[in-house]
Amino acid sequence: MPTPPKTPNLIPARPRIAVLLGDPGGIGPEMAVKLLARQRNLDAARVMLIADPVVLAAGERVAGMKLDPLRIGGLDDLRFEDGRPTLLQRDWMQGREPVLGESNEASGRASFEALELATAAVRRGQAEGIVFAPLNKHSLRLGGLVHEDELRYMQERFAVTGFVCEFNLTGSLWTSRVTSHIPLKDVASHITVEGVGDAVKIIASALRRAGVAQPRIAVTGLNPHAGDGGSIGMEEIEIIAPAIERLRADGYDARGPFSPDTVFIGARRGDVDAVVSMYHDQGQIAMKLMGFEQGVTLHGGLPVPVATSASGSAFDIAGKGIAQIEGLQQAFDLCVRMASGGPVRTLSSAETAA
């Protein structure tokens with residue numbers, strides 16, 4: 001087990017960012033290669049690429065680009081050279097080429113173990129952020145993930161006991177949600193005053209760290225027309241409105257509850273900085289319509305920024321060389337900015353202990 005750092009883990013000027021290829025069977029390896037082929041990204045951060053060389057080579061072939069990494073065998077050997085990524089290489093695929101366009105155990109295992117190494121680097125004080133190309137949750141589960149999703153896995157790995165949540169970003173607009181990857185039939189029973197409050201507080205904190213001094217946050221209702229005065233449901237009256245009142249009393253600029261089908265019209269116009277929705281698709285559909293290729297997912301509540309593009313593994317276009325990386329670039333930029341420009345912080349012993 002690694003010994004926790006005896007000195008504060010201060011964020012350096014050029015943060016160390018762990019970059020993962022995502023699902024080997026999808027567009028992730030191609031996207032990651034294109035991202036790291038941009039010299040400005042290698043100049044902005046010290047990049048630790050965690051990958052199986054076979055998967056990296058496949059991504060290079062699809063992208064039509066070749067990286068020149070410094071190769072190491074493990075975290076104990078970690079070092080960097082200016083202008084080059086460091087490749088922490090592992091033989092997870094056992095020399096076999098990834099099968100493009102499908103979920104399978106081999107791809108899931110490679111994805112999952114890369115995520116495990118990245119979180120280990122953070123816990124050892126060797127990385128200040130994680131950026132991953134699109135993962136596939138079905139593959140991850142085939143490869144050993146037993147959690148609801150990768151966010152809950154990282155929550156456990158980092159010993160985070162507080163509220164965690166996915167944020168989705170398109171341009172300057174952010175969203176968070178009260179519930180995430182659960183069946184729609186279970187959503188209403190999971191909406192609580194405390195849950196609404198947590199979702200607002202966590203995104204307000206992240207926005208402040210990203211440079212928004214006084215975040216303006218719209219909160220959706222759960223039901224059509226935000227309940228229509230109670231005629232289409234009572235959650236707005238009994239839970240969501242009281243949560244907003246409590247938040248405003250605590251100094252948060254929380255507004256609503258707004259009708260879910262119209263709130264994003266004003267949000268797109270710039271009336272607010274963020275929207276807190278009640279469940280996954282309530283916010284995701286609107287955000288992806290506003291800018292699917294540029295969308296970013298940020299995992300909130302973790303000790304370091306963890307970001308990816310909002311696009312999925314896109315098995316249907318894997319291997320075609322046409323994957324766009326605007327979203328992944330935005331995720332990388334945000335991660336670097338938050339890791340280097342946010343307040344200097346010290347990881348607790350729980351966060352650094354193995």
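One is the number of the first residue; the rest follow in order along the sequence.
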Taking atom CZ of Arg246 as the centre, report whether more than 12 heavy atoms of other residues, nucleotides or ligands fall under 6.0 Å from it.
-> no
Presence of salt bridge, Asp333 and Arg40, under 4.0 angstrom = yes
How far apart are the C-alpha atoms of Lys201 and Asp198, what are their side-chain angles, what is the distance that settles it, and do they pass the salt bridge (charged side-chain N to carboxylate O under 4.0 Å, His left out) test?
-> CA-CA 5 Å; Lys201 291 174 182 177; Asp198 286 340; 5.4 Å; no
Answer yes or no: is there an ion pair linking Asp253 with Arg248, defined by an N-O contact shorter than 4.0 Å?
-> yes
is_close_aromatic(Phe132, His299), centroid dist under 6.0 Å | yes
Should the pair Asp52-Arg90 be classified as a salt bridge under the 4.0 Å nitrogen-to-oxygen rule?
-> no
Within a reach of under 6.0 Å around CG of Asp82, are more than 12 heavy atoms found that belong to other residues, nucleotides or ligands?
-> no
Should the heavy atoms of other residues, nucleotides or ligands under 6.0 Å from CD of Gln214 be counted, would the total exceed 12?
-> no
Polar side-chain atom of Lys34 near backbone of Ala323 as donor-acceptor pair, under 3.5 Å = yes
Is a side-chain donor or acceptor of Arg16 paired with a backbone partner of Ala45 at a separation under 3.5 angstrom?
-> no
For Val164 and Ile202, the nearest pair of non-hydrogen atoms, with its separation, is CA-CD1, 4.0 Å
Less than 4.5 Å apart, any side-chain heavy atom of Leu135 and any of Phe112?
-> no
Lys137 and Asp23: CA distance, side-chain angles, deciding distance, salt bridge (charged side-chain N to carboxylate O under 4.0 Å, His left out) verdict = CA-CA 9 Å; Lys137 288 180 175 55; Asp23 192 287; over 6 Å; no
Is a salt bridge present between Asp271 and Arg216, judged by a nitrogen-to-oxygen distance below 4.0 Å?
-> no
Minimum-distance pair of heavy atoms, taken over all atoms of Ala58 and Pro98 | CB-CG, 4.0 Å
Closest heavy-atom contact between Ile232 and His225?
-> CD1-ND1, 4.1 Å
Would a hydrophobic clustering, with Ile, Leu, Val, Met, Phe, Trp and Tyr connected at side-chain separations under 4.5 Å, put Ile265 with Leu289?
-> no
Which heavy atom of Ile191 sits nearest a heavy atom of Val178, and at what distance?
-> CD1-CG1, 3.9 Å
Please confirm whether the backbone N or O of Gly221 pairs with a side-chain atom of Gln282, one donor and one acceptor, at under 3.5 Å?
-> yes
Side chain Asp91, main chain Gln94, donor-acceptor under 3.5 Å = yes
May I ask you to decide whether Arg141 forms a salt bridge with Glu105, counting only side-chain N to carboxylate O separations under 4.0 Å?
-> no
When you measure from the side chain of Gln89 to the backbone N and O of Pro53, does any donor-acceptor pair fall under 3.5 Å?
-> no
So, for Met234 and Asn223, which heavy atoms are closest and what is the spacing to 0.1 Å?
-> N-ND2, 4.4 Å
Modelled atom types, side-chain donor and acceptor of Ser189 and Asp186, under 3.5 Å | no
Same cluster (ILVMFWY, side-chain, under 4.5 Å), Leu302 and Leu115 | yes
Can any side-chain N or O of Thr119 pair as donor or acceptor with the backbone N or O of Glu116 at less than 3.5 Å?
-> yes
Is there a donor-acceptor pair closer than 3.5 Å between any side-chain N or O of Asn104 and the backbone N or O of Ser107?
-> yes
Please determine if Asp76 and Arg124 form a salt bridge, counting it only when a charged side-chain N lies under 4.0 Å from a carboxylate O.
-> yes
Around Arg268, counting heavy atoms of other residues, nucleotides and ligands shown, do more than 12 lie under 6.0 Å from its CZ?
-> no
Thinking salt bridges, do Glu166 and Arg177 make one under a 4.0 Å N-O criterion?
-> yes
same_hphob_cluster(Ile325, Met65) at 4.5 Å side-chain heavy-atom cutoff = yes
Taking all atoms of both residues into account, what is the closest heavy-atom pair of Leu21 and Ala133, and its distance?
-> O-CB, 3.4 Å
Measure the CZ-CG distance between Phe332 and Leu36 for me, rounded to the nearest 0.5 Å.
-> 7.0 Å
Per the side chain to side chain contact (heavy atoms under 4.5 Å, CB included) rule, which among Arg157, Gln155, Glu156 passes with Tyr153?
-> Arg157
Distance (rounded to the nearest 0.5 Å) between Leu207 CG and Trp174 CH2 | 5.0 Å
Does the Asn41 side chain pair with the main chain of Leu35, one donor and one acceptor, at a distance under 3.5 Å?
-> yes
Spell out, as yes or no, whether a donor-acceptor pair under 3.5 Å connects the side chain of Thr192 to the backbone of Gly195.
-> yes
